[in-house]
Colleague: 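Below is a structure I'd like to ask you about.
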Amino acid sequence: MVVLVTFSSPCAAERARPVLTRIRLSGPPEPASAPALPAAARGAPLRCLAGEEFAEHFHKWRASSGRRCVFSVFPVRRDAAWFGLPEFESAVALGVAVEANGERRRVAAFELRWRDGRFCGDRGAPERALAAGAVEWHVHLLAREPAARRALLADFQSGA
């Protein structure tokens, strides 16, 4: 199976065209209905990128429904405006804490929205995520329509 991943600059000053990259996923397809897993076990690095230099920039998460989604990873920057949230027009964002053993844990889920360099999402969400221990922002860009983002967000919030 081949997946096309779109990369675009999170910086408003860089309005370059997106770059498409092909990633070949190996191994058998996973079953359509996965068993329920504890929240801490629902996230993992992408196996297909293991050992690659950019593997740490992507993470997959399983929502409460069992749906799997790929997220781009950005560090929380406490010294930056909006704590380093990338300036994507619209996306689903997770605040993620990293445990001592390296496991990642979702601590927040919210809609990420920017317009003309201004954050237009839930203004309290980033601070609540930091208060819960977030050190990374995981951003899902493939839910393009508002209804798709709301549905995905509800799916992640119900298990966070």
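These numbers come from the heavy atoms of this one structure, side chains and all, not from hydrogens, waters or symmetry mates.
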Colleague: Can you tell me how far CD of Glu145 sits from OG of Ser90, rounded to the nearest 0.5 angstrom?
Modeller: 9.0 Å

Colleague: Where is the tightest heavy-atom contact between Ala129 and Gly95, given as atom of each residue plus distance?
Modeller: CB-CA, 4.3 Å

Colleague: Would you check if the distance from the ring center of His59 to the ring center of Phe71 is below 6.0 Å?
Modeller: no

Colleague: Report whether Trp82 and Leu112 are members of the same hydrophobic cluster (ILVMFWY, side-chain heavy atoms less than 4.5 Å apart, transitive linking).
Modeller: yes

Colleague: Please confirm whether the backbone N or O of Ala63 pairs with a side-chain atom of Asp155, one donor and one acceptor, at under 3.5 Å?
Modeller: no

Colleague: State, with a plain yes or no, whether a side-chain heavy atom of Val73 is found less than 4.5 Å away from one of Phe58.
Modeller: no

Colleague: Report yes or no: does Trp114 contribute a side-chain atom to a donor-acceptor pair with the main-chain N or O of Gly121 at less than 3.5 Å?
Modeller: no

Colleague: What I'd like to find out is whether the side chain of Trp137 reaches to under 4.5 Å of the side chain of Leu94, using heavy atoms alone.
Modeller: no

Colleague: Tell me, do Arg113 and Glu89 make a side-chain contact under 4.5 Å, heavy atoms counted?
Modeller: no

Colleague: Measuring from Arg68:CZ to Lys60:NZ, what's the distance to the nearest 0.5 Å?
Modeller: 6.5 Å

Colleague: If you measure from CZ on Arg149 to CG on Leu142, what distance do you get to the nearest 0.5 Å?
Modeller: 11.5 Å

Colleague: Quick test of your reading: applying side chain to side chain donor-acceptor pair (under 3.5 Å), list the pairs with at least one residue in residues 118-127, sequence neighbours left out, ordered by first then second residue.
Modeller: Asp122-Arg128

Colleague: If Ile, Leu, Val, Met, Phe, Trp and Tyr residues are connected whenever their side-chain heavy atoms lie under 4.5 Å apart, and connections chain through other members, are Phe119 and Val139 in the same group?
Modeller: yes

Colleague: Honestly curious: do Val96 and Val135 fall in one hydrophobic cluster under the side-chain, below-4.5 Å linking rule?
Modeller: no

Colleague: Under a single-linkage definition using a 4.5 Å side-chain heavy-atom cutoff for Ile, Leu, Val, Met, Phe, Trp and Tyr, are Leu85 and Phe74 assigned to the same hydrophobic cluster?
Modeller: yes

Colleague: Run the side-chain contact (heavy atoms from CB on, under 4.5 Å) test on His138 and Arg104 for me, step by step, so that the C-alpha distance in whole Å, both residues' side-chain angles and the decisive distance to 0.1 Å come before the verdict.
Modeller: CA-CA 11 Å; His138 290 210; Arg104 279 150 173 78; 4.1 Å; yes

Colleague: About how many Å separate CD of Glu136 and CD of Glu56, when rounded to the nearest 0.5 Å?
Modeller: 9.0 Å

Colleague: Should Ser64 and Phe156 count as side-chain neighbours, where that means a heavy-atom distance under 4.5 Å?
Modeller: no

Colleague: Is the shortest side-chain heavy-atom distance between Arg106 and Trp61 below 4.5 Å?
Modeller: yes

Colleague: Please name the pair of heavy atoms, one in Ala109 and one in Gln157, separated by the smallest distance, quoted to 0.1 Å.
Modeller: O-NE2, 3.1 Å

Colleague: Are Phe110 and Leu130 joined in one hydrophobic group, where the rule is that I, L, V, M, F, W and Y side chains link up if heavy atoms are under 4.5 Å apart?
Modeller: yes

Colleague: Determine whether Cys69 and Leu152 satisfy the following criterion, side-chain contact (heavy atoms from CB on, under 4.5 Å), listing intermediate values before the conclusion.
Modeller: CA-CA 9 Å; Cys69 298; Leu152 184 60; 3.6 Å; yes

Colleague: Before you tell me yes or no, could you show the steps for Val98 and Glu103 under side-chain contact (heavy atoms from CB on, under 4.5 Å), namely the whole-Å CA-CA distance, both residues' side-chain angles and the distance that decides it to 0.1 Å?
Modeller: CA-CA 6 Å; Val98 179; Glu103 283 189 32; over 6 Å; no

